[in-house]
Every structure is written in structure tokens, then in C-alpha cells.
Amino acid sequence: QVQLVESGGGLVQPGGSLRLSCVASGNTFLFSIWTMGWYRQAPGKQRELVARSSTGGKLRYADSVKGRFTISRDNGTSTVYLQMNSLKPEDTAIYYCYKYTDTWGEGTQVTVSS
């Protein structure tokens with residue numbers, strides 16, 4: 001059993017920055033070889049991949065966030081981060097942490113608005 005808890009969401013103005021954190025707990029002995037991802041879901045839309053971190057330093061980003069967002073991880077603390085810069089109103093969504101292939105966090109709200 002693994003649990004994921006996100007934090008760091010909130011209200012930010014366009015052009016601002018936020019850093020999301022996702023802490024895994026439970027049986028995290030193999031955290032370093034897990035593929036971890038960030039997804040987001042806006043009202044009325046499908047949940048979509050934002051960023052993914054796989055073993056061997058493999059990273060993948062959605063085209064819409066490439067160059068603005070950075071995923072990173074600290075295997076010592078079983079934590080994955082999403083640094084979000086140059087935020088836009090269309091980034092507004094609930095952001096979810098995901099452990100491939102079977103575990104979701106409960107999500108954290110990100111609102112980008114003036």
C-alpha cells in the first residue's frame with residue numbers, strides 16, 4: 001500500500017510561479033525505480049498528462065507546459081516536485097500526483113487569475 005499526498009497549490013497571478021510537492025508514504029523502498037507523473041484536470045475536461053519522471057532520468061512534458069514546468073524528484077525523501085513558472089490562466093486545474101501504474105493522490109487546486 002502506497003499513499004500520495006500533494007501540496008503547494010493555491011492562487012497565483014498570471015506570470016507567477018508555484019512549486020507542487022508530492023510525498024509518497026507506505027512501502028516506498030522501491031521509490032527510486034517508480035515512474036512518477038503529474039496530471040491535471042480542468043472543469044469539463046479530460047485529465048491530461050503534465051509531466052513524467054522515469055528511471056534513468058527520463059523526463060516527458062506536455063507540449064503546453066514545455067519550457068515552463070520542471071519535474072524533479074528526491075528519492076531520499078520519496079518526493080516528486082513540479083516547479084511551475086510563467087503560469088497562465090489555462091493552467092488552472094486540479095493537479096494530481098500519480099504512481100504508475102496504480103496510485104493517485106487526491107489532488108491540489110491551482111488557480112491562475114488576476
Colleague: Take Ser25 and Gln1 through the side-chain contact (heavy atoms from CB on, under 4.5 Å) test and state the conclusion after the steps.
Modeller: CA-CA 9 Å; Ser25 61; Gln1 281 72 15; over 6 Å; no

Colleague: Is the distance between the ring centroids of Tyr39 and Trp104 less than 6.0 Å?
Modeller: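 Yes, the ring of Tyr39 comes within the 6.0 Å limit of the ring of Trp104, centre to centre.
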
Colleague: Count the heavy atoms belonging to other residues, nucleotides or ligands that lie under 6.0 Å from CD of Glu106, then report whether that count exceeds 12.
Modeller: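 Result for CD/Glu106: open.
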
Colleague: Can a side-chain donor-acceptor contact be found between Asn85 and Ser17 if the only test is distance below 3.5 angstrom?
Modeller: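 A donor-acceptor contact under 3.5 Å links the two side chains.
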
Colleague: Is Lys88 paired with Asp91 through a side-chain N to carboxylate O contact shorter than 4.0 Å?
Modeller: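 Looking at Asp91 and Lys88, the cut-off is not met.
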
Colleague: Say whether Arg68 and Ser86, considering side chains only, have a donor N or O and an acceptor N or O under 3.5 Å apart.
Modeller: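 Judged by distance alone, the side chains do not pair up.
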
Colleague: Closest heavy-atom contact between Leu49 and Arg60?
Modeller: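 What the structure gives for the nearest pair is CD2-NH1, 2.8 Å.
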
Colleague: On a heavy-atom basis, which atom in Ser72 and which in Val80 lie closest, and how many Å separate them?
Modeller: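 That closest heavy-atom pairing would be O-CG2, 3.2 Å.
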
Colleague: Report the C-alpha distance between Met84 and Leu20 in whole Å, list the side-chain angles of each, state the deciding distance to 0.1 Å, and finish with yes or no for side-chain contact (heavy atoms from CB on, under 4.5 Å).
Modeller: CA-CA 8 Å; Met84 304 185 293; Leu20 306 183; 3.7 Å; yes

Colleague: What closest approach, in Å, do Thr103 and Val2 show between heavy atoms, and which atom pair accounts for it?
Modeller: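 Looks like CG2-O, 3.5 Å.
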
Colleague: Just by modelled atom types, is the Glu90 backbone N or O under 3.5 Å from a matching donor or acceptor in the Thr92 side chain?
Modeller: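 It does not hold such a pair.
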
Colleague: Okay, side chain of Arg73, backbone of Phe31: is any donor-acceptor separation there less than 3.5 Å?
Modeller: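 Yes; at least one donor-acceptor contact below 3.5 Å.
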
Colleague: Treat each ILVMFWY residue as a node, draw an edge where side-chain heavy atoms are under 4.5 Å apart, and state whether Val110 and Phe69 are in one component.
Modeller: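 Same cluster: Val110 reaches Phe69 through Ile, Leu, Val, Met, Phe, Trp or Tyr contacts under 4.5 Å.
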
Colleague: Of all heavy-atom pairs between Trp34 and Ala24, which one has the smallest distance, and what is that distance?
Modeller: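 Result for this residue pair: CZ3-CB, 4.3 Å.
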
Colleague: State plainly whether one hydrophobic cluster holds both Val23 and Ile94, where clusters connect Ile, Leu, Val, Met, Phe, Trp and Tyr through side-chain heavy atoms under 4.5 angstrom apart.
Modeller: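 Each belongs to a different hydrophobic cluster.
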
Colleague: Run Thr35 and Thr55 through side-chain contact (heavy atoms from CB on, under 4.5 Å) and show every step you take.
Modeller: CA-CA 7 Å; Thr35 297; Thr55 56; 5.6 Å; no

Colleague: Do Ser113 and Thr111 have side-chain atoms, one donor and one acceptor, less than 3.5 Å apart?
Modeller: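 The answer is no; no qualifying pair exists.
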
Colleague: Check whether any side-chain heavy atom of Arg40 sits under 4.5 Å from a side-chain heavy atom of Glu48, and report yes or no.
Modeller: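 In short, these two side chains touch, coming nearer than 4.5 Å.
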
Colleague: Using the rule given for side-chain contact (heavy atoms from CB on, under 4.5 Å), can you reason through Ile71 versus Trp38, listing the C-alpha separation, both sets of side-chain angles and the distance that settles it, and then say yes or no?
Modeller: CA-CA 8 Å; Ile71 189 171; Trp38 286 97; 3.7 Å; yes

Colleague: Report yes if the distance between the aromatic ring centroids of Tyr98 and Tyr96 is under 6.0 Å, otherwise no.
Modeller: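 Tyr98 vs Tyr96: aromatic centres not under 6.0 Å.
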
Colleague: For the OG atom of Ser7 and the CZ atom of Arg19, what is their distance to the nearest 0.5 Å?
Modeller: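 Ser7 OG to Arg19 CZ: 10.0 Å, rounded to 0.5 Å.
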
Colleague: For Leu82 versus Ala51, what's the shortest heavy-atom pair and its separation?
Modeller: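 That would be CD1-CB, 4.1 Å.
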
Colleague: Are Tyr100 and Ile33 connected, step by step, through hydrophobic side chains (Ile, Leu, Val, Met, Phe, Trp, Tyr) whose heavy atoms are closer than 4.5 Å?
Modeller: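 No.
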
Colleague: Ignoring hydrogens and angles, tell me if any N or O in the side chain of Glu6 forms a donor-acceptor pair with the backbone of Cys97 under 3.5 Å.
Modeller: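 Judged by distance alone, yes, a pair lies under 3.5 Å.
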
Colleague: So, Thr108 side chain and Gly9 main chain: donor-acceptor pair closer than 3.5 Å or not?
Modeller: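 Confirmed, Thr108 side chain pairs with Gly9 backbone.
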
Colleague: Between Cys22 and Leu4, what is the shortest heavy-atom contact and its length?
Modeller: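 Heavy-atom minimum between the residues: SG-CB, 3.9 Å.
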
Colleague: State which residue, out of Val12, Val112, Leu11, fulfils the side-chain contact (heavy atoms from CB on, under 4.5 Å) condition with Leu18.
Modeller: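 Result: among Val12, Val112, Leu11, Val12 is the only option passing the side-chain contact (heavy atoms from CB on, under 4.5 Å) with Leu18.
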
